[in-house]
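To start, the structure under review is shown below, and the notes come after it.
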Amino acid sequence: MKFQKFISFFAVLIIFCASGYPADAAERDDSKITMATVIYSLQVLTGMKSDIPTPLTVNVIGTGDIDGVYYPMGGAIASVVNSSYNVHGNRCVVESTLGSVFNVNAVLNNDLEFGIAQSDTQYDAVHGLAEWDTAGPRHDLRALFSLHPESVILIAADDANINSIKDLSGKKVNIGHTGSGYHQNAVDALEAFGIDYETDLTATEEELTEAFKLIQDGDIDAFFYTVGHPSSVIAAVLADRRNVHIVPISGPEIDDLIQTKPYYSKTVIPINLYPGATNTTDVETFGLKATFVTSARVSEETVYEITKEVFENFDTLISMVPAAQGLTAENMLEGSSAPVHNGAMKYYQEAGLQTQPSEDEPEIIGTGSVSGLYYPTGGAIARLVNADSDQHGVRCSVESTGGSSFNINAVTDGYLQFGIAQSDRQHEAANGLAEWQESGPQDDLRAVFSLHPESVTLIAADEHITTVTDLKGRRVNIGNIGSGTRQNSIDALNAFGINYETDITAHSESVTEASELLQAGTIDAFFYTVGHPNSAVVLVTNGERKVHFVPIEGPEIDSLVETSEYYTKSVISIESYPEAVNFSDVATFGVKATFVTSADVSENTVYTVTKQIFDNFDAFKEMHPAYRYLQKEDMLKGLSAPIHKGAMKYYQEAGLTTK
């Protein structure tokens, strides 16, 4: 029997090796044989009893140097999660990485499921700063919780005559490898004291272990590192053959740094933790927090289970890592800039933990498809707000969403702070109609202002479709569920006596998919409510299959506009679409895009956003052709929900009427 079990074990190992299971998380493929499957198969073949769930989800946590605190902290998290993996089906493994910046990028690129990153690195990624200045805000980054506090530590050789950070001028100093969080902390500290690391000192950019060797060999005079305390590796270098000490980093320069970069705070390094240092008193410095991050792509269930395990095994976690001493469940919810992942939020709500957003958390604007006009409109608003964020303290980021209905629901649920929604969807939500008939009026919905007009656009490839009535018996995309387009198309069809459930073959795809289906000949026409000109419409009119705009007009539309105050007649200028098979502008009807929020969003935030748009109105109008004919007065029309008191405050100050 033992021999048979060995043969079974060996056979499975051969299968596993032949499968080419990759070590790199970026190469994992769910279609391949996984480690969980191998473990399960071995236990079945060898007769071992197992209650391991299959498939088992393996999550990789990016940490940092093996001599730092991130590595054991990641291991501690993995340990508490893995202690119950047979219950929840999640297993965590740890990788030593280059640190914060690497981990954030790897999480966003789906090379890691989770990562540990300094709070300043998280802040920069969320706001599109520093490393992400060119790429822009990383909208998919999500926070789970904060971890131990970290202090920026400057260690100098006693014989180098360095007693303050100002003494670093002309010295040989290691500032950390590019891509690590402590590299940026070192640069911030130097700049706070007017020191340019490229010209005022001889800077090396080595990893931590190399920096230790360099200072002991006399090749550098000092080095920076950001770490939680106590740190065994710091203790080791302080106790080595060359006498060294910890240099204080304090003074009005650091006060100013903390004022301008609020993720920093003053800290103190207790000198009794490092008896090898030649200091005699505690050392003042500044620091930040380690944070645990993931991507919006990681499932809610996985994040929920991992968060739950960490918080419900809290005492076990902090007993594993000395740097975690002093952690509380409450302060683990502080210090993050990225939105809290839905899975973590679910656990916090169940556990009754407060998850108020930090002052630095961006206000998120829900938009629509990346090819529609809502997406660049949200970007234009965010850009104008963010241009002066250092003065007013408000920043905005943008998410591509399912459109109007999604945005309204997300705003009233607190998932989004702002959203762009068609005027008809705002009217229905405010009055408890259509989608909101069962739940009733959305009393917390608030209007901020109106934006560009939007036309209900009907694009067809079949030359025999020249009016709405010609759609009978055809394959027509009426828009994805939850979008404003869908309701507008249904209203248009109903106006002409067409039932979308029985008189046409209705599809419910997004505009991107609808464009592809039309070009492929899978559908005959599709509706899209959008401001013009629009890039997605340009693409479909430029496709290989010739298409045209179908007018939506007549007494049927006159009646619809008359009975629905949020609708208005509009015209699509054909000059923007030279490849469309039309010879003149196309009459149709439309709505207005509106900017909405919740009564729960602060008066100051809404006032600031409103003021930034209206005070920079000409700059806003130049950002897209669809805004060209906007007037300030028109932006206060078509609003069905009560105007938010923050917006109203600005309108009263500016002398704008809101009648």
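Proximity of a side-chain donor or acceptor of R138 to a complementary backbone N or O of G136 within less than 3.5 Å is detected. In this structure a side-chain-to-backbone donor-acceptor pair under 3.5 Å is missing from H139 to S400. In this structure a side-chain-to-backbone donor-acceptor pair under 3.5 Å is missing from H148 to V69. E210 places no side-chain N or O within donor-acceptor distance of the main-chain N or O of E207, the cut-off being under 3.5 Å. A side-chain donor-acceptor contact under 3.5 Å links N103 to the backbone of G62. Remark: the backbone N or O of T412 is not paired with any side-chain donor or acceptor of D444 at under 3.5 angstrom.
Scanning for side chain to side chain donor-acceptor pair (under 3.5 Å) contacts around R446 gives an empty result, with sequence neighbours left out. A search for side chain to side chain contact (heavy atoms under 4.5 Å, CB included) contacts involving L433 returns H427, E428, N431, not counting sequence neighbours. Under the ring pair (Phe, Tyr, Trp, His ring centres under 6.0 Å) criterion, Y71 pairs with no residue at all, not counting sequence neighbours. Y304 meets the side chain to side chain donor-acceptor pair (under 3.5 Å) test with E350; sequence neighbours excluded. Looking at residues two or more places apart in sequence or on another chain, you find a side chain to side chain contact (heavy atoms under 4.5 Å, CB included) between S79 and M320. Annotation: salt bridge (charged side-chain N to carboxylate O under 4.0 Å, His left out) contacts of E399 (sequence neighbours excluded): R142. Scanning for side chain to side chain contact (heavy atoms under 4.5 Å, CB included) contacts around S405 gives R425, E435, W436, with sequence neighbours left out. Remark: T226 engages N185 in a side chain to side chain donor-acceptor pair (under 3.5 Å) (not counting sequence neighbours). Looking at residues two or more places apart in sequence or on another chain, you find a side chain to side chain contact (heavy atoms under 4.5 Å, CB included) between S515 and V511, F526, V540. By the side chain to side chain donor-acceptor pair (under 3.5 Å) test, D188 is found to be paired with Q184, K261, Y264, residues two or more places apart in sequence or in another chain being considered.
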What side-chain donor-acceptor pairs closer than 3.5 Å can you find for residues 340-347, not counting sequence neighbours?
| unit_1 | atom_1 | unit_2 | atom_2 | d |
| --- | --- | --- | --- | --- |
| H341 | ND1 | G343 | N | 2.9 |
| H341 | NE2 | V298 | O | 2.8 |

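In this pair, F311 and Y348 present their aromatic rings perpendicular. The plane angle is above 60°, beyond the 30 to 60° band. By the 30° and 60° cut-offs, the orientation of the rings of Y182 relative to Y225 is perpendicular.
V609 has its side chain out of reach of V448: every pair of non-hydrogen atoms, C-beta onward, lies at least 4.5 Å apart.
Sequence neighbours left out, the pairs with a member in residues 286-302 that pass salt bridge (charged side-chain N to carboxylate O under 4.0 Å, His left out) are D140-R297.
For the 3.5 Å distance criterion, the side chains of T285 and S151 fail to qualify, holding no donor opposite an acceptor. Neither side chain, E309 nor Y85, offers a donor N or O lying under 3.5 Å from an acceptor on the other.
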